[in-house]
Amino acid sequence: MKEPSTSVGSPPVPAFLMKLWALLEDPSNSDVITWSWNGQNFCILDEQRFSKEILPKYFKHNNLSSFIRQLNMYGFRKVMSLESGLLKSDHGSCIEFQHPFFKKGKAELLENIKRKMSTVKSEDPHLTQEDLQKVVTELKDMKEVQSDMDTKLENMRR
Amino acid sequence: MKEPSTSVGSPPVPAFLMKLWALLEDPSNSDVITWSWNGQNFCILDEQRFSKEILPKYFKHNNLSSFIRQLNMYGFRKVMSLESGLLKSDHGSCIEFQHPFFKKGKAELLENIKRKMSTVKSEDPHLTQEDLQKVVTELKDMKEVQSDMDTKLENMRR
Amino acid sequence: MKEPSTSVGSPPVPAFLMKLWALLEDPSNSDVITWSWNGQNFCILDEQRFSKEILPKYFKHNNLSSFIRQLNMYGFRKVMSLESGLLKSDHGSCIEFQHPFFKKGKAELLENIKRKMSTVKSEDPHLTQEDLQKVVTELKDMKEVQSDMDTKLENMRR
DNA sequence: GCCGTTCTAGAATATTCGAAG
DNA sequence: GCTTCGAATATTCTAGAACGG
C-alpha cells in the first residue's frame, strides 16, 4: 500500500490532508466515512457519528463545520447527488466531497493539493466612501459659487 | 442512455435541471409526467399527482406554482397546443412546456440552459465606480462652465 | 403570554423569526432548545436532536448550518460562554445565540429585527446606489441653474 | 509565517407570493 | 383568465476574517 510521505525533497503535505487520508484508510471508520464506489470521491455516511466519534480522534474539535471549512480551504467541493435534494427520510445524509488530486490509491497526488492563501487584501481601488465624500464636497463648493454668481447677476440687473 | 454530468471542466448543471431530467427519465413517473410524442416538449399529465406525489420527492415543496416559477426562471415557455387547449374536458389537464435546449435524449444540451439573473442590484461594485466616474467628469465640465461664467460676469462689471 | 403578531398596520415579522419564537415557546422542545436562565439569550442544548428532530418540523431542511446562517442573517451573534469555550468533557454542546431585540417575553421587540440586505462586498455600508443617486440628482439641478444663469448673462450682454 | 478552529458573510440557487402584462 | 416576472425570504455551499498555536 502506498502511503503519503513527508520525506525530504518533496514539499510537506499538510497535517489535515494526511489525517484525512489516514481516516479513510482505516477500515474501522468505513461505516461512517469511506471512499465512494469508484474511489473518485469520499462520503460521510453518518454525520452524527463522524463529528462526535471520528473527528475528535484526529483533530482538536468535533464540529463538522470546521472540518468542512478545511475541505473548502484545500479546494474540495461538495458533490451534489440527486438524493441530497430530498427532505424525506433521514437515511440519506450522505455528504460527499471531491478533489481532482484526492483519489483512492493515488497518495502521490496529495502533494498537488494546495491550501488557499490567506488573502492579505491589497486594498481594492474600488469605490470607497472617501471617493463619494470628495464628490459631495465639490458639489457643495460649486453650490456656493453658483449662489455668489446669482447674487452678482441680480445686482447687475438692478 | 446518456446521462447529464456535473464533471469537472464543464460548468455545473443546476440542481433543478438535473432533477427535471431525472424526473422525466424515470419510467415510474411516466403516467404523471413525460416527454411529448416527439421528444420536443414535456407534459404534465396529472397535475394533482404530480404536485403531491412527484414534486416532494425531488424538491423541498409540493407546489406546482413553485415548479413553474423555476421553469420560467430557466427560460422554459408553456406550449399552447390545440390538444391542451381544447380537449381538456375529462382526460386531465395537460400542462406542456418547452425549451430549445431541453430535448429528449440530448442531455449534452442541458449546459446551454442558463438561469435568468436575479435583478438585485448586485452589480453595485463596478457599476458604482463607472457611474462615479461619470459624475466626476460631469463635475469637471461644470467647473469649466462656472469659470467661464464668472469671467463673463467680471467683464460685464467693468 | 404575549405573542408576536403579523397584524395589519405593523410591518410583518419574517417567517424565520416567527418560527424561532414559536420553537422556543413550545415546552416540548425545552430539553433541546430553550431560553437562557435570564431570558436574554437562547441555547441549543442538544445539537443532534435539534437538527434532526426539531428543525424539519419548522423548516424545509434539517441542517444546523442553514439555521445558523439565518441567525447571522438577522443579526444574531453567538455567545461565547465559559462552558462552551472549554474543550469540555461530554455534558453536551451548548450553542448560545443572542440578539438585542430577541428577549424572552418581549415579543413586541421582534419587529425591530431586520434581515440584512443581500448586497455588496464593500465594507462601507453607507455607500449605496441611493447615495450616488442623490449626487446625480443634485448635479442635474445644478445644471439647470447654470443654464438659467448663462441665459441671463447673454441677455445682459445685449 | 503557515496552519487550524471558529464565527460570520458572500454568492448562487430555491421557494413563496403577488403584481405586471 | 392566464402566463410570466419582480422581489423578498430561505437553503446551500464556499469564502472572509480574527485569533491562537
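Sequence lines set the chain letters: A, B, ... in the order given, protein chains first and strands last, and positions in each chain run from 1.
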Can you see if the side chain of C/Lys60 gets near the phosphate of E/dA10 - specifically, an N or O under 4.0 Å from OP1 or OP2? no
note: B/Ile95, atom CD1; E/dT4, atom P; distance rounded to Å ~ 12 Å
Ring centroids only, cut at 6.0 angstrom: are C/Phe97 and C/Phe67 within range, meaning strictly under it? no
Start at the 5' end of DNA chain E and walk down; is the nucleotide closest to B/Phe97 or to C/Ala15 reached first? B/Phe97
Please state how far atom CZ in C/Phe16 lies from atom P in E/dT11, giving the value in whole angstrom units. 9 Å
State which of D/dT15, D/dT8, D/dT6 makes the closest approach to the side chain of C/Lys116. D/dT8
Does a nitrogen or oxygen in the side chain of A/Lys78 sit under 4.0 Å from OP1 or OP2 of E/dT14? no
For the pair made of CG in B/Asn72 and P in E/dG6, what is the distance, rounded to whole Å? 11 Å
Given E/dA10, D/dC3, D/dA9, which nucleotide is nearest the side-chain atoms of C/Arg115? E/dA10
With a cut-off of 6.0 Å (strictly less than), are more than 12 heavy atoms of other residues, nucleotides or ligands near NZ of A/Lys104? no
So, does C/Tyr74 get its side chain near the phosphate of E/dT9, meaning an N or O under 4.0 Å from OP1 or OP2? no
Would you say B/Arg77 places a side-chain N or O within less than 4.0 Å of OP1 or OP2 belonging to E/dT3? no
Considering non-hydrogen atoms only, spot the tightest contact between A/Ser66 and A/His61 and give its length. CB-CE1, 3.5 Å
Would you kindly compare B/Leu17 and C/Gly75 by the position of their nearest DNA chain D nucleotide and give the one closer to the 5′ end? C/Gly75
Whether A/Asn63 contacts D/dT6 is assessed here as follows: a side-chain N or O lying under 4.0 Å from the phosphate OP1 or OP2. Is that the case? yes
Looking only at side-chain N and O atoms, does B/His61 come under 4.0 Å of OP1 or OP2 in D/dT16? yes
Between P on E/dT12 and CD on A/Glu47, what's the gap in Å once rounded to a whole number? 11 Å
Nearest-Å distance for atom pair CE/P, residues B/Met18 and E/dT12: 18 Å
Below 4.0 angstrom, N of the basic side chain to O of the carboxylate: do A/Glu47 and A/Lys52 qualify? no
Could you check how far CE of B/Met73 sits from P of E/dA7, rounded to whole Å? 11 Å
A/Trp21/A/Phe42 aromatic ring centres below 6.0 Å: no
Please report, rounded to the nearest Å, how far the P atom of D/dT5 is from the CD1 atom of A/Ile68. 14 Å
Would you kindly give the CE-to-C1' distance between B/Met117 and D/dA11, to the nearest whole Å? 15 Å
Would you say the base of D/dG18 and the side-chain of B/Arg69 have a donor-acceptor pair closer than 3.5 Å? no
